[in-house]
Amino acid sequence: MTIGMTRGRSGHFVKEKTIAYAVLGLFLIYTLLPLYYLVISSTKTNTQLFSTFGLWFADDLNLVRNIEALFERQNGVFGRWLANSALYSVAGGVGAAAVATAAGYALSKFNFRGRNLTFAIILGTVMVPNTALVIPLFLLFANFGLTDTIWAIILPSTVFPLGVYLMKIYIDQAVPDELIDAARIDGASEVSIFFGIVVRLAMPGIVTVMLLAFTSTWNNYFLPLVMVTDPRLMPVTVGLAQWNELASAGSGGQALFSLVITGALIGVLPVVAMFLLLQRFWQGGLASGAVK
Amino acid sequence: MPSPHRQRRSRLSGLVPYLFLAPFFVLFMTMLVLPMFYAFYLSLYQERMVGGTIFVGIRNYRTALGDPAFWEGVRNVAMFGIIQVPIMLGLALVLALILDSTLIKARSFFRTAFYLPYAVPTVIAALVWGYLYGPNFGPFTQLAEMIGVARPRFLSESWILWSIANIVTWTFVGYNMVILFAALQAVPRDLEEAASLDGAGPFQFAWHVKLPLIMPALYLCAIFSIIGTFQLFNEPMILRPMASSVIGRNFTPNLYAYSLTFTSAQINLAAAVSFITATIVGIVSFVFIRFAARGSGPTT
């Protein structure tokens, strides 16, 4: 008993602590290695990529020159890709969050016919392999002449069943029934209840869903790859993959490697910055989904 | 829980929840359900050079099921799932348990750092790892040459699946860790006091007390990982130009459906392949859930 007490919370466990820190340290190196390599490589010219050691800087830094070359290539198409990624992700994120909030509210606070069935179907589709739907969706869109338009990427990005599930759970605990009932008795309209009470109280949940949808759209590759062939409509992911293909094919495209790497660095910055600034929301969103 | 007020409201107000649900419902039907039915419809037809499109019943399914190229992709993702998913979840679990223990400091720093790769687009993760692996200017090749050992052959036929497994592991360990960590945070703290009074070390406590309590979260991670594995596409697609001789057009079922659609214009067969893949995922997930439900029953 006394021995157990002395080994309490703040206790010693020197061996265990060493092992724990060793595991964390090793994994930290593994996690940061590719990001470190990306940063180092983006400061090198194409020749330096081949002639200097990959995990350390070359004699001179060429990041600015790489960025200039990146945005000049093909009449500045990279800037266009960045703008496209931003447009698709913002539209997808805001759209998904708006639709999911309304649906989550309906499922959380109303008792209606088909409620349980709707909820079950939504949960079921969380498990449907999403990419299996992309090709059929492409064929369907092709019939309506919607491929090679921004809608071919934005519309599918707003369908986010997991977001509905997260919003339902969030509204369950963040919006008290009494508040809604009181507002109704006061004669408030359903629309003003939704925007005045539900949206305001559920804001952290809405931000979470928006972030998740924004990131998944920014990071999406398969959907835009299938849907658009016009380079002026491509997002960063598809454009960079195409340049990489050219670079790897050799024959003159080789000079592209440093541009692909610099482009990758710039393509990663917005999501990483957002992730770091708003991590409280990310982790919150995942947490509430997992624990329930 | 609905309040009694609601029952007294006019008949029109019964429509309210449906109106809130409507935008999602419309998008859900058009973007998810309709393509599913359309794919099923397509999978039952065949386009002919002469005679246009004709109904062929299950012939596309028989073609796909009898196609060794399709099964090669299935075998790849199955092997990937059997080996990569347990390694990834094992790592995620170990990290989550360490971060949840009272052993270490700077927990939120480690948690954020480990979760960071999840924010990196898989295309970019695959590009960067591809360059790290690369035989031309990859640092591992350079290191091997410096110390005079054989070059690692990350992009060779026998390594490629595991090189891809590493990219997927790198991207998703932190994501799974955060889910498991959240579940661990819900474990009552007084259990820990009791265990430490009984003289249990942190490792014993983690293994015998915490682990059984977070099994449901672990199963959730496993299901998502299994589904993700069957959808494998981005990483092999990005590595293809760097390793074209070893990543075929049928390397995964998804890659096969993609190349059937866009390279050989066999959309009907592609639809059947998509459907069979989805069915296999469904069966594997179902079997896994049943197996997991039995494993976590009251007897254990």
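The analysis underlying the following values was restricted to heavy atoms, covering all of them including side chains, and did not include hydrogens, waters or symmetry mates. Chain letters run A, B, ... following the sequence lines, proteins first, then strands; residues in each count from 1.
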Check: B:P17 main-chain N/O paired with A:E190 side-chain donor or acceptor under 3.5 Å: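 Such a contact is absent between A:E190 side chain and B:P17 backbone.
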Non-hydrogen atoms of chain A under 4.5 Å away: do they reach the side chain of [X], the backbone, both or neither?
X	answer
B:L42	side chain
B:F24	both
B:F37	neither
B:I98	side chain

Proximity of [X] and [Y] rings by center, below 6.0 Å:
X	Y	answer
A:F112	B:F20	no
A:F257	B:F137	yes
A:F275	B:Y115	yes

Atom group of A:V226 that falls short of 4.5 Å from chain B, counting heavy atoms: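 Contact with chain B involves both backbone and side-chain atoms of A:V226.
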Proximal component of A:R113, with respect to chain B [non-hydrogen, under 4.5 Å]: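 Both parts, backbone and side chain.
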Student check: side-chain heavy atoms of B:L21 and A:Y105 closer than 4.5 Å: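 A side-chain contact under 4.5 Å is absent here.
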Parallel, tilted or perpendicular: ring planes of B:F110 versus A:Y21, cut at 30 and 60 degrees: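 B:F110 vs A:Y21 ring planes: tilted.
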Aromatic ring pairing A:F222/B:F233, orientation class (parallel under 30°, perpendicular over 60°, tilted between):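 The rings of A:F222 and B:F233 sit tilted, inter-plane angle from 30° to 60°.
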